[in-house]
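See below for the structure under consideration.
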Amino acid sequence: MASVKRAAAFDGFAVHLSASWNKAVAIADGVQVEADDGTHRFDFLIAGTGYQYDPDTQAELALIADQIALWEHRYQPPDDLANAGLGRWPYLGDGYEFQEREPGKAPWVTRIHVFSAGAAMSFGIPVGDTQSLPTGIPRLVDAVGAALFAEDATLPPASVPGGTPEKSTEDPFLRFYVGHVRQTAATEG
């Protein structure tokens, strides 16, 4: 309960009880969720989907499940180790984020993070329970923060419309770092 109280101190925090998700759709600046309690817009999602790990069986993921990479799409075990059920688990990135089934087709799925037992197959340990919090929460926060920073670095600074980092800051480290992130994004993107 203490963690909920700490989170509740932030203006943007809300708990939606008895509000099942009916639809999640990628929009230009995030994800729009239609839930039993209304429509909401989020920058990133952290999905707590319970103990059913196959995205095809989750109502809130139904419209995007065919865009999400599963273990069966990335790894084919030897015949004597094959297990169809294990192949249906989501194949996650280092920050618990979904990966695209077909690279380049749905990059927005990486905005959805799965910090729950559904991440165990990708990390080899239980995720989302008490013992995973000291290492898992920093990993999740770092991943979301890095993704937001990298995405923002591709945009002009809000304080200088149409400006560049060179024009918007006197901090040489920040100039270098933002320039490096932009250069990396341009060459990798």
For the residue pair [X] and [Y], establish whether any side-chain heavy-atom pair is separated by less than 4.5 Å.
| X | Y | result |
| --- | --- | --- |
| Asn22 | Asp36 | yes |
| His16 | His40 | yes |
| Lys23 | Val33 | no |
| Leu92 | Met121 | no |
| Tyr53 | Pro90 | yes |
| His113 | Leu140 | yes |

Minimum heavy-atom distance between [X] and [Y], given as atom pair plus value:
| X | Y | value |
| --- | --- | --- |
| Ala143 | Gly95 | CB-CA, 3.4 Å |
| Ala120 | Val127 | N-CG2, 4.3 Å |
| Gln67 | Val109 | CB-CG1, 4.0 Å |
| Tyr91 | Gln99 | O-CG, 3.4 Å |
| Ser132 | Pro126 | CB-O, 3.4 Å |
| Phe115 | Ile137 | CE2-CD1, 3.8 Å |

**Request:** Find the distance between CD (Glu60) and CD1 (Ile112) and round it off to the nearest 0.5 Å.
**Result:** 10.0 Å
**Request:** Quick one: pull up CH2 in Trp108 and CD1 in Ile64 and give me the separation to the nearest 0.5 Å.
**Result:**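 That separation rounds to 4.5 Å.
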**Request:** Apply salt bridge (Lys or Arg N to Asp or Glu O under 4.0 Å) to the pair Glu72 and Arg101, showing each step before the final yes or no.
**Result:** CA-CA 10 Å; Glu72 66 186 23; Arg101 187 173 292 184; over 6 Å; no
**Item:** Ring geometry between Trp71 and Tyr75 (parallel below 30°, tilted from 30 to 60°, perpendicular above 60°)
**Value:** perpendicular
Please answer: with hydrophobic residues joined when any side-chain heavy atoms are less than 4.5 Å apart, are [X] and [Y] in the same cluster?
| X | Y | value |
| --- | --- | --- |
| Val114 | Leu148 | yes |
| Val25 | Leu61 | no |
| Val141 | Phe42 | yes |

Polar side-chain atom of [X] near backbone of [Y] as donor-acceptor pair, under 3.5 Å:
| X | Y | value |
| --- | --- | --- |
| Arg41 | Asp29 | yes |
| Arg88 | Leu70 | no |
| Arg139 | Asp94 | yes |
| Glu100 | Lys105 | yes |

**Request:** Please determine, by modelled atom types, if Gln58 and Asp56 share a side-chain donor-acceptor pair under 3.5 angstrom.
**Result:**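 Asp56 and Gln58 do not have a side-chain donor-acceptor pair below 3.5 Å.
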**Asked** Counting heavy atoms not belonging to Phe10, are there more than 12 under 6.0 Å from its CZ?
**Response**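 Atom CZ in Phe10 is not packed in, count stays at 12 or less.
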**Request:** Decide if atom CG of Asp80 counts as having more than 12 heavy atoms of other residues, nucleotides or ligands within a radius under 6.0 Å.
**Result:** yes
**Item:** Verdict with supporting geometry, Phe123 and Tyr96, ring-ring contact (aromatic ring centres under 6.0 Å, His included)
**Value:** CA-CA 9 Å; Phe123 288 87; Tyr96 306 100; 4.5 Å; yes
